[in-house]
Amino acid sequence: MLGLMQEWPLLCHKLLDYAAEQHGAREVISRSTEGPITRTNYRDIHTRSKHLAKWLEGNGYKLGDRIATLAWNTGRHMEAWYGIMGIGAIYHTLNPRLFPDQIAWIMNHADDQAILVDLTFVPIVEAIAEKVPGLRHIIVLTDEEHMPESKLDLICYETLIAESDADFKWADFPEETAAGMCYTSGTTGDPKGVLYSHRSNVIHAMMAALPDALNLSSNEVLMPVVPMFHANSWGLGMAAPLTGTTMVMPGGGMDGASIFELLDTEKVTFTAAVPTVWLGLLDYLEETGKKLPHLTRVVVGGAACPRAITAKFERDYDVEVVHAWGMTEMSPLGSLGSIKPEYGGLDVEKTLDVKEKQGFAPFGVEMKITDDENKELPWDGKTFGRLKVRGPAVAKAYYGGAGAEQFDGDNWFDTGDVAHIDQYGYMQITDRAKDVIKSGGEWISTIDLENLAVGHPDVQEAAVIGVAHPKWDERPLLICIPRKGATPTKEGILGFMEGKVAKWWMPDDVAFVEEIPHTATGKIQKIELRKQFADYKLPTA
Ligand code: ADP
């Protein structure tokens, strides 16, 4: 027997309808690409996204079309997402940090027909437009006054909005309809497209907003530093309208000083970004002696959050750190490190131990760890294996069918991460499956070693890779960038690490470098490092 409740498809534009109706005056504040800080609110974003939707429909765009955005986090980018989704088309976020040729490849693979682009990124579009033959319109997210000279036929966004109107009814379609698209950065092989549905985005927004997750509400002032072009903006572009949360959009200003300025002047209470952004902010605070009186919580994810970052935020600035893990394929949230009663009341150091874990799954994410034969492993906080997940906001395939081997027949997705899970459900990533070091048949976690090394006061950033060893197959090499003005030694750093990890996990050597290569989403590029150190001879070899 079926229930007798109404059919009310979970469509993303309903989130914005709700925000406009119940929280219409709540502001969305942006550092604009033109320079000044601009202010709008959910009511105006709602109206203007209808203007855009009407224009798109009038220009022949329809259900299922892919429309790209190449833009920073701003109110206009929000309008673009909702205007696109509101006609049943698909927002496709492009990462400007990729090489132009990669962007062109992705656009062609997705078959993007139009692009909304920030002023800053017009040169990228100029460089690739010829290589993307399907592109029909290039809309620059600015006003007439700032329109750039170009060999391309560019449309001014503000003029388009002014000449259109809000007399538009959102399109109707089933909730399973595709809403958005985001490619993973493809550290191995070609990038792979993840195709979100309206249903998965709305469900994910509800999961993300929960108290033990992001705990959003209309009383919070949220700054999503994580870009809308990275992993679906961690769901914030949907979860904020769902809860009527004020948004402070940092635009392209990702450095410590710019981030601080907005945190301070806009009295941001809650923010989210990858660890490197927080390193920049914490350095800036230390140099200037400034404080964070308004900020209460920060979510750190995308890469393991070093203990030192958590300790500084919590001890020096009284800001609670929530460690989170996720991936593009999961919309992206997979786990968050809020404190359950089982871990309540611990002393500072023990709490920091818990916060090194990536946390527990919210409702809507099922997890398991398995060995290479797909046999489930125990949740004992020690045994590590392949982390697999499933849920309503987890991908069941990549767009175009690539990477099919990552999807089990029974709907589990192999994350490619290696993790253990403890008795209370707290998961800890120990590595990417392809980065883990296999020493004499046993696994060594590179992330644990990196976290430990960056706890040394003279280490700015650290990466650990496996280097060939005649007896053990592979042994760990620690690669460090010294902190500005410091000259750490190998003995000093190894001495600092000794006793804090199993003896056989200790790096066999330390190499100092000026730079560690990163991917377009801020992760250490281990493939590159392994190439650089391919001929490295360990002193123990
Ligand atoms: P990309 O590969 O494009 O950078 P993702 O952001 O989807 O895309 O990357 C997801 C991966 O990032 C995860 O599978 C995991 O390896 C890593 N990751 C994300 N958050 C964390 C975290 N808190 N700790 C350790 N690794 C993380």
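Ligands are counted one by one from 1 in listed order, and the atoms in each one are counted from 1 as well. A quick note: this is a predicted structure, and the numbers were derived from the prediction, not measured.
Residue Q358 approaches ligand 1 through these ligand atoms, each under 4.0 Å from one of its heavy atoms: 22 (C), 23 (N), 24 (N), 25 (C). Each of the following atoms of ligand 1 lies closer than 4.0 Å to a heavy atom of A324: 20 (N), 22 (C), 23 (N). Numbered from 1 in the order shown, with element, the atoms of ligand 1 that lie under 4.0 Å from a heavy atom of G302 read 12 (O), 17 (C), 18 (N), 19 (C), 20 (N), 21 (C), 27 (C). Remark: ligand 1 atoms within the under-4.0 Å shell around heavy atoms of A304 are 22 (C), 24 (N), 25 (C), 26 (N).
Considering backbone and side-chain atoms together, T328 places an N or O closer than 3.5 Å to an N or O of ligand 1. Checked by distance only, ligand 1 and H323 come closer than 3.5 Å through their nitrogen or oxygen atoms. Checked against a 3.5 angstrom limit, the closest N/O atoms of H230 and ligand 1 fall inside it.
Considering all non-hydrogen atoms of both residues, M85 and C12 come closest at SD-CB, 3.5 Å.
In this structure, K192 satisfies the cation-pi test against Y398, with its NZ or CZ atom closer than 6.0 Å to the six-membered ring centre and inside 45 degrees of the ring normal.
One finds the CG atom of L281 at 8.0 Å from the CZ atom of F260 (value rounded to the nearest 0.5 Å). Here D448 contributes atom CG and R307 contributes atom CZ; the two are 11.0 Å apart, rounded to the nearest 0.5 Å.
A perpendicular orientation is assigned to the rings of H109 and Y399, their planes being inclined by more than 60° (bins at 30° and 60°).
Ring to ring, Y424 and F360 are not that close: their centroids are 6.0 angstrom or more apart. Between H204 and Y196, the gap from one ring centroid to the other reaches at least 6.0 Å.
Residue D417 places a heavy atom under 4.0 Å from ligand 1. Remark: distances from the non-hydrogen atoms of C305 to ligand 1 are all 4.0 Å or more. Residue-ligand proximity: G416 is placed with every non-hydrogen atom at 4.0 Å or more from ligand 1.
Neither the backbone nor the side chain of P332 comes within 4.0 Å of ligand 1, counting heavy atoms alone.
Take D65 and apply the salt bridge (charged side-chain N to carboxylate O under 4.0 Å, His left out) test, not counting sequence neighbours, and it matches K62.
Taking all heavy atoms of M330, M327, K523 into account, the minimum distance to atom 12 (O) of ligand 1 is reached by K523.
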